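Keep in mind that this is a model prediction, so the values were computed, not measured.
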Amino acid sequence: MNNQSAWQKTILLFMSIMLTASVFAQDTTAWNEKTASKWLHSKEWRNGLKMKVHSSVNPIIFAQQYHKNKAIWDKAFAFLRDSDLNALKPGKYVIDGDNAYATITEGPEKTFEQSAWESHRKYIDLQYVIKGKEKMGVAPVATATVIKPYNDKTDGANYTADGQYYVAEPGTFLLFFPGDAHRPNIKVDGYDTVKKIVIKIKVAE
């Protein structure tokens, strides 16, 4: 009887430890600048993907979202890794139903005045330039001024904002989370036509 009781206690202790570990793994507050940066630079999330993540990407939010939706992110990265992006035609490509899908475009870029600040709540934008170069801006939504309120159907809002601008080119992708207002598709001199892919990845709550 005592042996059975001790065995049951051991089982319960093991289950308690596993449950605690699981909760900790899902606890987004466990990520800080140090742990997130270490994870980012470990490259374990790449699974053979040779692309780099842009330095503007917030490593804490990236780590949080990746670990909450690892299976979906892995499928998105596998699509980038295994597809011949240069050969893919413009259009929409399903990666994981409504959880992740890609859109490839190829055409002229916009002037700075034609471009606009935007943000999304349901999906994270992974934007990657396949051919050419384009300029993209990023600014905190918290500091931006809404000029077109959020539309649930289009999953978008528009703003005026002061932000940082970066030149996007092959080899490095950018990520825009719900807290990031972004201004893509801005023409870079000398690059009239740009081919790019935008992967929409559902936000994990």
I'd like to check [X] versus [Y] (side-chain heavy atoms, cut-off strictly below 4.5 Å). Are they in contact?
X	Y	result
Ser56	Leu174	yes
Arg46	Lys52	yes
Arg81	Asn47	yes
Val146	Asn158	no
Pro178	Val203	yes

same_hphob_cluster([X], [Y]) at 4.5 Å side-chain heavy-atom cutoff:
X	Y	answer
Met51	Val53	yes
Trp31	Ile201	yes
Ile72	Ile197	yes
Leu126	Phe177	yes
Leu175	Ile61	yes

>> Please identify which of these residues, Val167, Asn185, Ile186, meets the side chain to side chain contact (heavy atoms under 4.5 Å, CB included) condition with Glu134.
In response: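 Option passing the side chain to side chain contact (heavy atoms under 4.5 Å, CB included) with Glu134: Asn185.
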Interatomic spacing from [atom1] in [X] to [atom2] in [Y] - rounded to 0.5 Å:
X	Y	atom1	atom2	answer
Tyr165	Ser115	OH	OG	6.5 Å
Gln127	Thr103	CD	OG1	10.5 Å
Asp180	His120	CG	NE2	10.5 Å
Glu109	Lys135	CD	NZ	11.5 Å
Thr160	Trp117	OG1	CH2	10.0 Å

> CD of Glu44: more than 12 outside heavy atoms within 6.0 angstrom?
Replying inline: yes
Provide the closest heavy-atom pair for [X] versus [Y] in the form atom of the first, atom of the second, distance.
X	Y	value
Asn99	Tyr123	O-CE2, 4.2 Å
Trp39	His67	NE1-CE1, 3.3 Å
Lys68	Ala204	CB-CB, 3.5 Å
Pro184	Lys196	CB-NZ, 4.1 Å
Gly163	Ala139	CA-CB, 3.8 Å
Val141	Ala181	CG2-N, 3.5 Å

Between [X] (side chain only) and [Y] (backbone N and O only), is there a donor and an acceptor less than 3.5 Å apart?
X	Y	answer
Asn151	Lys153	yes
Lys195	Thr105	no
His182	Gly137	no
Asn69	Tyr66	no
Lys200	Lys122	no
Asn32	Thr35	yes
Trp45	Leu40	yes
Ser37	Lys34	no
Thr143	Pro140	yes
Asp155	Arg121	yes

> Checking side chain to side chain contact (heavy atoms under 4.5 Å, CB included) for the pair Phe62/Trp73: CA distance, chi angles, key distance, verdict?
Replying inline: CA-CA 10 Å; Phe62 183 19; Trp73 282 88; 3.7 Å; yes
In a table with atom names and distances, give each donor-acceptor pair under 3.5 Å that connects a side chain of residues 84-98 to protein atoms at least two apart or in another chain.
| unit_1 | atom_1 | unit_2 | atom_2 | d |
| --- | --- | --- | --- | --- |
| Asp84 | OD1 | Asn86 | N | 3.4 |
| Asp84 | OD1 | Ala87 | N | 3.4 |
| Tyr93 | OH | Lys89 | N | 3.2 |
| Tyr93 | OH | Lys89 | O | 2.6 |

>> Tell me every residue that passes ring pair (Phe, Tyr, Trp, His ring centres under 6.0 Å) with Phe173, counting only those two or more places apart in sequence or in another chain.
In response: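 Result, ring pair (Phe, Tyr, Trp, His ring centres under 6.0 Å) vs Phe173: Phe77.
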>> Using a strict threshold of under 4.0 Å (side-chain N to carboxylate O), is an ion pair present between Asp192 and Lys187?
In response: yes
>> Between Glu118 and Arg183, does any side-chain N to carboxylate O distance fall below 4.0 Å?
In response: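 Answer for the salt bridge query: no.
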>> Can you classify the ring geometry of Tyr166 versus His54 as parallel (below 30°), tilted (30 to 60°) or perpendicular (above 60°)?
In response: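 Tyr166 vs His54 ring planes: perpendicular.
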>> side chain to side chain contact (heavy atoms under 4.5 Å, CB included) for Ile199 and Tyr101? Distances and angles first, verdict last.
In response: CA-CA 6 Å; Ile199 299 182; Tyr101 61 91; over 6 Å; no
> Do Tyr159 and Tyr150 have ring centroids that are under 6.0 Å from one another?
Replying inline: no
